[in-house]
Protein chains: 2
Amino acid sequence: MTDTAPRPTLEAVAALAGVSRATVSRVVNGGDGVREPLVQRVRRAVDELGYVPNQAARSLVTKRHDAVAVVIAEPETRVFADPFFALQLRGISKELTAQDSQLVLLLTEGRDDHARVGRYLAGGHVDGALVFSLHLDDPLPGLIQGAGVPTVFGGRPGWSDGRGGVTYVDSDNRGGAREAVRHLIGLGRERVAHITGALDQTSAVDRLDGFRDVLPDADPRRVAEGDFTPAGGERAMRELLARCPDLDAVFAANDLTAAGALRVLREQGRRVPDDVAVIGFDDMLAVAEQTDPPLTTIRQDIEEAGRLMARLLLRRLNGCGGGGGEGMPTGVVLPTTLVRRSSA
Amino acid sequence: MTDTAPRPTLEAVAALAGVSRATVSRVVNGGDGVREPLVQRVRRAVDELGYVPNQAARSLVTKRHDAVAVVIAEPETRVFADPFFALQLRGISKELTAQDSQLVLLLTEGRDDHARVGRYLAGGHVDGALVFSLHLDDPLPGLIQGAGVPTVFGGRPGWSDGRGGVTYVDSDNRGGAREAVRHLIGLGRERVAHITGALDQTSAVDRLDGFRDVLPDADPRRVAEGDFTPAGGERAMRELLARCPDLDAVFAANDLTAAGALRVLREQGRRVPDDVAVIGFDDMLAVAEQTDPPLTTIRQDIEEAGRLMARLLLRRLNGCGGGGGEGMPTGVVLPTTLVRRSSA
DNA sequence: CTGAGATCGGAGAGCGCTCTCACGCCACTC
DNA sequence: GAGTGGCGTGAGAGCGCTCTCCGATCTCAG
């Protein structure tokens, strides 16, 4: 098979069907305003030739690309430890597919890549962008906003508080955290500790805030800083145990952290949940179901969040031209649910 | 900000720099054959205007897209349980980025999507494809081969045995399995059992073959079929324990399976590794490090595999036109390594 | 100082498509 | 039976870029 088999063009289809290019174009793009018999003839010609429109030529004139960039900043952190992004990607993919858009994946790693991504987005290769940027001080969101590309963020960007105009989809980290802590209190626990996530991420900050919402007067020594990893969880748990040997419950910022904490508790002879109740966050199945005991945790519907992000973006692209504001929600917060297993 | 800010074109840059379009084009594409002072002037104009080439226009004439599709079939299965694809994507992304190619992600879910993907690939929107298709009976690989798009497969496609011409990158599943079993034997174990993966996937078949390479005469009752999930691992482990209560070692087809097996063993009062040694496969960190005891397992360098896939594809795209054959490896098998923790 | 050879820069023709216009043809009205 | 809409169709002009000529310029030997 020579790879020089030239793809059929509109012209070729038109010739075969005995009509003009314009008519073929009309049929290919929906067929409005073309009489039925002609539509049939064109369709047949398209099939016969195996014609597929050349997207490049089309974009050149329409200035639409039917493609959306998904930018994931600093994959090293969380992406690869949990199915978080995979699930979200799946949701995004489903929604984009349903609307005939392509998904261009941009993984960035460090500062150099930011410029590259900024340039790419500014270059108008895609119609819009879905951006995951976990860190508060990440310059990427700013860059992207500057590029003038319609964007929806996954997770609340760190600087979104004051200003409006930023569209994002986030889980109800704060509400979920409140629910977790209240659950522990409902179990009769009186000395609840918290292991935070990496506090340069809004999700960690929000979860800490949720903890404080419920326990505003908690001894500050009952809060230890973690980093969303099992190792961080272990370290923080040791600290907590040293500082407050009498604690009877731990709310960990995520399941990985909880797994680390669980190990330290066992090692130090504390029974879970009898002596110390433990609750996680995320409902990362591969972890939460495997720990001993299985982890009670807060679940977020990640796939739905992804789907929603895509839907929001596409609505903006198709619907209102660029007016923005009007009718575009600024932030959408998805509910979380408590999943009871055995650890609390 | 109105979204109608027209992007600068080559023409505009040329005008500002006081040269012709052709010269700007040359500078933008490497600058060969243009005198230094002019190059400088053009560069300055490009910067000043923030010019970015219009990829659509470029593709239209060059017939290159600088984009590669990554097709992941049936994500529900494994993708979301482990960081397997995430890591591979990262490797792919790194390599593509380095060569200025974009990554177009195609997630498929069920048969309908196959047609869509086939059409997309045949449509010549991308220069090549990297395809992950786990299942032996998946029609997708055939479809894609038929589309005439240069393709590299991730994992050995089920039907690649006889025919040549299929390029793929795979881990040494069979060799890794042999190493795992030999390790158990080296520990003095004499009744080694195996829990397979989902046998409609080549990786599972290869691992089983590796087991049999070392233990060709093993009692067939010491092999139980799993499905790469913890639940499958539990079920298979119970079966094995019922059939062969005297087994002293288990080689599980992956870490998730091993985790399930571990749970059943503990539940039935077998000590690991004293009574029964357990070894997994994949070195899925979130699992292998968290189990009790931590899992001894076989590691594969997934990220490197991804990078290699991309490199192979790009080499084919850039290098030899379409001759294929010549110098193109058909299958590349990456080595695995044994990671010793406590379970064996 | 001239001419040959080498090199650099510019004009222009498309790539395959969409979309605006203008025209032709029909049904229908008076 | 001629006039008048209105719908369907085709012609043609680009979208922004690359790349092939070909003419202009520069260099250097004779």
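Order of the sequence lines fixes the chain letters, A, B, ..., with proteins taken first and strands second; residue numbering starts at 1 for each chain.
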[X] vs [N]: side-chain N/O to OP1/OP2 distance below 4.0 Å:
X: B:N54; N: D:dC15; result: no
X: A:T23; N: D:dG10; result: yes
X: B:S25; N: D:dT18; result: yes
X: A:R35; N: D:dT9; result: yes
X: B:S20; N: C:dG10; result: yes
X: A:K63; N: D:dG16; result: yes

Gap between atoms [atom1] and [atom2], on [X] and [N] respectively (whole Å):
X: A:L10; N: C:dC17; atom1: CG; atom2: P; answer: 4 Å
X: A:L60; N: C:dC19; atom1: CG; atom2: C1'; answer: 13 Å
X: B:L38; N: D:dT25; atom1: CG; atom2: P; answer: 14 Å
X: B:H125; N: C:dC15; atom1: NE2; atom2: P; answer: 19 Å
X: B:Q55; N: D:dG16; atom1: CD; atom2: C1'; answer: 12 Å

Please figure out whether B:V34 or B:A57 has its closest DNA chain C nucleotide nearer the 5' end. B:V34
Hey, are A:D47 and A:R44 close enough for a salt bridge, meaning a charged N less than 4.0 Å from a carboxylate O? no
Between A:T167 and A:R316, a side-chain donor and acceptor under 3.5 Å: yes
Which heavy atom in B:H65 sits nearest to a heavy atom in B:Q55, and how many Å separate them? O-NE2, 3.5 Å
Derivation of the side chain to side chain contact (heavy atoms under 4.5 Å, CB included) call for B:V27 and B:V39: CA-CA 6 Å; B:V27 171; B:V39 172; 4.2 Å; yes
Consider the side chain of B:N29, meaning its heavy atoms from C-beta on, and name the nucleotide among D:dT9, C:dG16, D:dT18 that approaches it most closely. D:dT18
Check whether the side chain of B:R21 and the base of D:dT18 form a donor-acceptor pair under 3.5 Å. yes
D:dG10 base to A:R26 side chain: any donor-acceptor pair below 3.5 Å? yes
Check whether A:H114 reaches the backbone of A:P139 with its side chain - one donor and one acceptor, N or O, closer than 3.5 Å. no
